Amino acid sequence: QKGKIISASSIAGHEGFAMLGVYSATKFAVRALTQVAAQEYASDGITVNAYCPGIVGTDMWVEIDQRFADLTGAEVGATYKKYVEGIALGRAQTPEDVAAFVAFLAGPDSDYMTGQAPIIDGGLVYR
């Protein structure tokens with residue numbers, strides 16, 4: 001193994017979300033670039049994968065929730081709560097959840113994986 005490229009996509013790169021059109025489009029593009037780069041760099045011993053987190057309890061979601069409140073008139077916190085309630089495992093993702101999966105992609109257990117963009121979201125989007 002000569003190297004690994006790991007890109008950040010999102011569940012929004014697998015399924016478009018209303019009012020997140022540009023974000024979804026860019027995350028779909030990350031998946032496409034991941035597939036193309038995997039094909040182009042395989043002969044050099046480089047794997048290329050992306051990770052697709054869901055609702056991660058970070059400041060990014062504070063901002064998203066506020067923008068949804070501004071656009072829809074929803075109460076601040078309501079959009080975040082709605083999405084978290086839809087997660088099968090019953091909680092928002094943590095940065096540590098994401099880091100653990102990225103560590104898997106960076107480590108030897110993923111050496112035979114390339115061109116993929118797995119969803120790691122606790123059970124919100126299913127593919």
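Note that this is a predicted model, so its numbers are computed, not measured.
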What closest approach, in Å, do [X] and [Y] show between heavy atoms, and which atom pair accounts for it?
{"X": "T58", "Y": "P95", "answer": "CG2-CG, 3.9 Å"}
{"X": "I11", "Y": "L124", "answer": "CD1-CD2, 3.8 Å"}
{"X": "A92", "Y": "I87", "answer": "CA-CD1, 4.1 Å"}
{"X": "V84", "Y": "I55", "answer": "CG2-CG2, 3.9 Å"}

Main chain of [Y], side chain of [X]: is a donor-acceptor contact present, judged purely on distance under 3.5 Å?
{"X": "H14", "Y": "S9", "answer": "no"}
{"X": "S110", "Y": "L105", "answer": "yes"}
{"X": "N49", "Y": "Q116", "answer": "yes"}

Under 3.5 Å, which donor-acceptor pairs link side chains of residues 22-33 to any protein atom two or more places apart or in another chain?
| from | atom 1 | to | atom 2 | distance (Å) |
| --- | --- | --- | --- | --- |
| S24 | OG | F17 | N | 3.3 |
| S24 | OG | L20 | O | 3.0 |
| T26 | OG1 | V22 | O | 3.4 |
| T26 | OG1 | Y23 | O | 2.8 |
| K27 | NZ | A8 | O | 3.3 |
| R31 | NH1 | G13 | O | 2.7 |

So which pairs with a foot in residues 51-76 pass ring-ring contact (aromatic ring centres under 6.0 Å, His included), sequence neighbours left out?
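Passing the test, one end in residues 51-76: W61-Y80, W61-Y83.
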Shared hydrophobic cluster for V102 and Y112 (ILVMFWY, side-chain gaps under 4.5 Å):
no
Test side-chain contact (heavy atoms from CB on, under 4.5 Å), reference C52, set V125, D121, I119, output is I119
Does [X] reach the side chain of [Y], with side-chain heavy atoms less than 4.5 Å apart?
{"X": "M113", "Y": "P118", "answer": "yes"}
{"X": "Q93", "Y": "V98", "answer": "yes"}
{"X": "K4", "Y": "D111", "answer": "yes"}
{"X": "D65", "Y": "V76", "answer": "yes"}
{"X": "V48", "Y": "T34", "answer": "yes"}

Looking at CE of M19 and CZ of R67, how far apart are the two atoms once the value is rounded to the nearest 0.5 Å?
12.5 Å
Can R91 and D97 be said to form a side chain to side chain contact (heavy atoms under 4.5 Å, CB included), step by step?
CA-CA 11 Å; R91 66 172 176 83; D97 293 326; 2.8 Å; yes
Residues in salt bridge (charged side-chain N to carboxylate O under 4.0 Å, His left out) contact with E85, at least two apart in sequence or another chain:
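E85 satisfies salt bridge (charged side-chain N to carboxylate O under 4.0 Å, His left out) with K81 only.
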Please check if the number of heavy atoms outside D59 that lie under 6.0 Å from its CG is greater than 12.
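At most 12 heavy atoms, drawn from other residues, nucleotides or ligands, come within 6.0 Å of this atom.
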